[in-house]
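The block underneath contains the structure these notes are about, expressed in structure tokens.
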Amino acid sequence: MKSFKLALVGATGVVGRAAQKVLEEKNLPISEYAFFASKKSAGSKINFLGKEYVVKELDEHSFDEVFDFAIFSAGAGTAKKYAPIAAEHGCIVVDNSSAFRMDKDIPLVVPEVNPEEIKNNHGIIANPNCSTIQAVVALKPLDDKYTIKRIVYSTYQAVSGAGRDGIDDLENGIKNFKEGQDINVAESNKYDLKKFPYPIFNNCLPHIDVFLDNGYTKEEMKMINETRKILGKPDLAITATTVRVPVLNSHSESINVEFEKEFDINEVKNLLAKSQDITLIDDIKNEKYPIATDATGQDNVLVGRVRRDFSIANGLNFWCVADNIRKGAASNAVQIVEKLIEMNS
Ligand code: A2P
């Protein structure tokens, strides 16, 4: 069997570490690995598949050595600078950042939804935003059957999506609270926040990524534009409100969707339950529904609270939870690499 060579860029970050774990679990036919990060962690050690690796500093020459594939999880700036260099050297890059997602020549892929796009790559494949991935996994079987007319997203997003600094802000907030410090936004400076503009502990912040001229945040527009691109419906009516909540890991989403066609609610539940990538947890009699702590550590998208929106014709509400670091980033990227391996074997 053919064997491949893979580079992991941003190996020391939250997503990079999760990617190592997913790669270890899958044990793909990859015989050589290399781990890159910034100068800050160059020289540090990584134990991976029973071997010790030294983290290398990423630079213009990192891809002089030929890699078949690279997973980038090091932010948009790093991706813009180095992914094209890797691609020029014949490497196929799966990039987790927002750098290339909306480029019309770059596939934006969720393997359960639009795997056929993978073959259209010219060296770079974009991994969608975490909140978009879990939503489209849940929406795809419904769109195929009933044709989506409009979507309203409301998200409750974990701090791990903001990287190590986001996690630190929540953990420091909890620590300060335990030490008896007052939670006072006016005095938020004293909390030494690394990522968020206000304390995330004890707050919900309707602010993820930067604000845009249209009044939406960039995260909201990512959900809107990326959903349209992945579902291949450039004009689909979608609106979104994205909120950061004091949860360590796994994003929760309330999804309201209007279909062109009529549906039977039990048929909808059966359709969701039948999908290999979705776990339906919808037993309200026994108070069972998806929660973030259940989603963490797995790749399936959890769906529940499935019910008719009786304020409109053909309307549906459901609750959708997934591990934003695994399925929302690392696992999705590794699944794309897995497909590339299948195509190239
Ligand atoms: P480092 O640990 O050396 O800073 P997170 O999203 O959890 O903050 O992680 C970001 C990841 O991207 C880390 O692995 C970080 O490495 C890496 N990174 C950040 N900037 C660069 C850069 N200029 N070149 C390579 N890797 C980078």
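Start at 1 and go down the list; that is how both ligands and their atoms are numbered. Count residues from 1 along the sequence. Heavy atoms only: backbone and side chains are in, while hydrogens, waters and symmetry mates are out.
In this structure, the protein non-hydrogen atom closest to atom 23 (N) of ligand 1 is T78 OG1, 3.5 Å. The closest protein non-hydrogen atom to atom 8 (O) of ligand 1 is R164 N, 4.0 Å. Among all protein heavy atoms, the one lying closest to atom 16 (O) of ligand 1 is T12 OG1, 3.3 Å. Shortest contact from atom 18 (N) of ligand 1 to any protein heavy atom: A74 CB, 3.9 Å. Summary of contacts: the protein heavy atom closest to atom 9 (O) of ligand 1 is G13 CA, 3.2 Å. At the shortest separation from atom 1 (P) of ligand 1 among protein heavy atoms lies S41 OG, 3.2 Å. In this structure, the protein non-hydrogen atom closest to atom 6 (O) of ligand 1 is G163 CA, 4.0 Å.
At most 12 heavy atoms of other shown residues, nucleotides or ligands fall within 6.0 angstrom of atom NZ in K45.
S160 and N324 share a side-chain donor-acceptor pair at under 3.5 Å. For K327 and N332, the side-chain atoms include at least one donor-acceptor pair closer than 3.5 Å. E219 and N129 are linked by a side-chain donor-acceptor pair at a separation below 3.5 angstrom, with hydrogens and angles left out of the test. A donor-acceptor contact under 3.5 angstrom links the side chains of T296 and N249, judged on distance only.
The shortest heavy-atom distance from G77 to ligand 1 is not under 4.0 Å.
The aromatic rings of F48 and F35 sit perpendicular to each other, their planes meeting at more than 60°, with 30° as the lower class boundary.
Electrostatic pairing of K229 and E117 does not count as a salt bridge here, judged by no charged N lying under 4.0 Å from a carboxylate O.
Close approach to V14 involves these atoms of ligand 1, each under 4.0 Å from a residue heavy atom: 7 (O). Residue S73 has at least one heavy-atom neighbour below 4.0 Å for each of these atoms of ligand 1: 11 (C), 12 (O). Close approach to G10 involves these atoms of ligand 1, each under 4.0 Å from a residue heavy atom: 11 (C), 12 (O), 14 (O), 17 (C). Heavy-atom contacts of K40 reach the following atoms of ligand 1: 3 (O), 4 (O) (cutoff under 4.0 Å).
For the pair R308 and F263, the cation-pi criterion (under 6.0 Å, within 45° of the ring axis) is fulfilled.
With a 4.0 Å cut-off on non-hydrogen atoms, A42 does not touch ligand 1 at all.
Note that CZ of F67 is 7.5 Å distant from SG of C91, once rounded to the nearest 0.5 Å.
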